[in-house]
Trainee: 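First, the structure itself, so that you have it in front of you.
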Amino acid sequence: MNDTTTTTKLAAPAAPANGAATVVEALLTRRSVRAFLPTPVPRAEVERLLALASRSASNSNSQPWHVHVLTGEPKLRLTEALWQALDGEGRVAETEYPFQPPPEEWEEPFRSRRQTFGEGLYRDTLGIEAHDAEGRLAHHRRNYDFFGAPVGLVLTVSRSPLAGALIDAGLFLQALMLLARQAGLDTCPQASFIDFYPVLRQHLKIPDDQIIVCGLALGHADPDHRLSRHRTAREPVDTFTTFHSGETV
Ligand SMILES: Cc1cc2nc3c(=O)[nH]c(=O)nc-3n(C[C@H](O)[C@H](O)[C@H](O)COP(=O)(O)O)c2cc1C
């Protein structure tokens, strides 16, 4: 367990030039990066980020998360296995838990937002049209080498109780992504891994009582790659908030 002494040890070193200095800056500069430089991230730095992320809240402090950290050869071997599965018949028909509906079953307003996102990424950023299945697959494939990031993480949680554990995992993931920004690093959360959960289970020896939440690419963004120009918008507060106030302050 972390006490205040270890917490002091985990304090961020002086923020690097491209690192966020405040939580607001970390939130505003975090984005899903899909092109990384090969520059390695030291293991001690990954451990520091994970220790800090574990300060996240969880239901009854159950801390149901488990993280697999892949670098070097093990990461390459996993990518090879996933590409083989992608090129063959390895994609599962159904994920282990219902992560999202099939594309045709998405309802509004999420359907339109998903479409806007897809057009922004594929057409506007990569120049790949909707009908270009091959082009889209070529980009999708890069998910499985963590978009060239030197560190690939796979986050799992205890299967029981699942719903609460998934919320806890989300908090852990967000903390990790913001902490990475403070350290001058970037990330991309990747649910695409769950389409190949049997491959991950086998390679990472994930026990049956754990469920795979997602992957996370971690490293230094490649600022010159065209994918680094991709940005996403957000809806205004009044579209997702209901104030039940007695008076206006
Ligand atoms: C749970 C989760 C799973 C995601 N899975 C993928 C993925 O498999 N591949 C990918 O390129 N982006 C993935 N993303 C990134 C989202 O597309 C991205 O967060 C969203 O479009 C908003 O953009 P931003 O992160 O740049 O702000 C995922 C994000 C979340 C939170």
Side-chain angles (χ1 to χ4, degrees), residues 20 23-36 53 56 65 67 70 78-79 82-83 85-86 90-92 95-103 106 109-126 128 135-149 151-157 162-163 165-181 185-197 199-200 211-219 221-223 225-236 239-240:
V23 176
V24 172
E25 209 185 318
L27 269 164
L28 292 177
T29 58
R30 188 218 56 80
R31 56 194 177 77
S32 295
V33 163
R34 298 181 179 87
F36 288 86
S56 299
W65 41 70
V67 186
L70 290 115
L78 177 66
T79 296
L82 288 165
W83 278 344
L86 178 67
R91 185 192 295 258
V92 294
T95 50
E96 274 186 296
Y97 61 99
F99 177 76
Q100 60 184 354
W106 280 56
F110 314 114
R111 191 184 185 85
S112 301
R113 291 180 194 163
R114 181 176 185 271
Q115 188 176 345
T116 303
F117 161 70
E119 287 172 358
L121 181 65
Y122 284 99
R123 187 192 62 200
D124 305 342
T125 308
L126 289 167
I128 299 169
R136 292 173 80 89
L137 180 63
H139 168 75
H140 181 73
R141 227 169 174 270
R142 297 300 312 274
N143 269 286
Y144 303 109
D145 80 340
F146 297 91
F147 297 116
V151 185
L153 295 99
V154 174
L155 179 62
T156 70
V157 287
L162 182 59
L166 286 174
I167 294 174
D168 300 337
L171 298 179
F172 182 93
L173 196 64
Q174 174 77 328
L176 193 53
M177 295 191 293
L178 296 180
L179 286 159
R181 279 310 304 127
L185 297 168
D186 280 286
T187 54
C188 184
Q190 298 175 273
S192 41
F193 284 93
I194 63 178
D195 289 337
F196 296 95
Y197 73 83
V199 177
L200 287 175
I211 210 149
I212 299 155
V213 179
C214 66
L216 185 77
L218 173 71
D222 178 353
H225 198 286
R226 61 181 168 165
L227 276 165
S228 296
R229 294 198 292 268
H230 179 243
R231 295 286 182 277
T232 54
R234 296 295 186 272
E235 298 298 319
T239 63
F240 63 84

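Just follow the structure's listing: the first ligand is 1, and inside any ligand the first atom is 1.
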Trainee: How far apart are the closest heavy atoms of V213 and I194, and which atoms are they?
Mentor: O-CG2, 3.6 Å
Trainee: Looking at atom 25 (O) of ligand 1, what's its closest protein heavy atom, distance included?
Mentor: S32 OG, 2.6 Å
Trainee: Pull out every atom of ligand 1 sitting under 4.0 Å from any heavy atom of S192, numbered as shown with elements.
Mentor: 7 (C), 8 (O)
Trainee: Over all heavy atoms of both residues, which pair between L153 and L176 is shortest? Give the atoms and the distance, please.
Mentor: CD2-CD2, 4.4 Å
Trainee: Answer side chain, backbone, both or neither: which part of H230 comes under 4.0 Å from ligand 1, heavy atoms only.
Mentor: neither
Trainee: Quick check: do I128 and L121 have side-chain heavy atoms less than 4.5 Å from each other?
Mentor: no
Trainee: Are F146 and F193 close enough that their ring centres sit under 6.0 Å apart?
Mentor: yes
Trainee: Can you tell which part of C214 has a heavy atom less than 4.0 Å from ligand 1: side chain, backbone, both or neither?
Mentor: neither
Trainee: Taking both backbone and side-chain atoms of F147, is any N or O found less than 3.5 Å from an N or O belonging to ligand 1?
Mentor: no
Trainee: May I ask you to check if ligand 1 and R31 share an N or O to N or O distance below 3.5 Å?
Mentor: no
Trainee: Should the proximity of F193 to ligand 1, defined as any heavy atom under 4.0 Å, be assigned to the side chain, the backbone, both, or neither?
Mentor: neither
Trainee: Got the closest protein heavy atom to atom 10 (C) of ligand 1, with its distance?
Mentor: R34 NE, 3.6 Å
Trainee: Report the nearest protein non-hydrogen atom to atom 23 (O) of ligand 1: residue, atom name, distance rounded to 0.1 Å.
Mentor: T232 OG1, 3.1 Å
Trainee: So which protein heavy atom does atom 1 (C) of ligand 1 come closest to, and at what separation?
Mentor: F99 CZ, 4.0 Å
Trainee: Hey, is N143 touching ligand 1 through its side chain, its backbone, both or neither, going by heavy atoms under 4.0 Å?
Mentor: side chain
Trainee: Return the minimal non-hydrogen interatomic distance between L218 and A149, and the atom names on each side.
Mentor: O-CB, 3.5 Å
Trainee: Run the ring-ring contact (aromatic ring centres under 6.0 Å, His included) test against Y97 and tell me which residues pass, sequence neighbours left out.
Mentor: none
Trainee: Is there a donor-acceptor contact under 3.5 Å from the side chain of R226 to the main chain of L126?
Mentor: yes
Trainee: Run the ring-centre check on H230 versus Y122 and record whether the distance is less than 6.0 Å.
Mentor: no
Trainee: As a check for students: among R231, Q174, H140, Q190, identify the option with a heavy atom nearest to atom 7 (C) of ligand 1.
Mentor: Q190
Trainee: Are any of the protein's heavy atoms under 4.0 angstrom from atom 20 (C) of ligand 1, yes or no?
Mentor: no
Trainee: Is the contact between R234 and ligand 1 made by the side chain, the backbone, both, or neither, using heavy atoms and a 4.0 Å cut-off?
Mentor: side chain
Trainee: How close does the nearest protein non-hydrogen atom get to atom 4 (C) of ligand 1, and which residue and atom is it?
Mentor: P189 O, 3.3 Å
Trainee: Taking both backbone and side-chain atoms of A191, is any N or O found less than 3.5 Å from an N or O belonging to ligand 1?
Mentor: yes
Trainee: Looking only at non-hydrogen atoms, find the nearest pair between A169 and L155 and report the distance.
Mentor: O-CD2, 3.8 Å
Trainee: Could you report the tightest heavy-atom contact between R181 and D186, atom names first, then the distance?
Mentor: CD-OD1, 3.5 Å
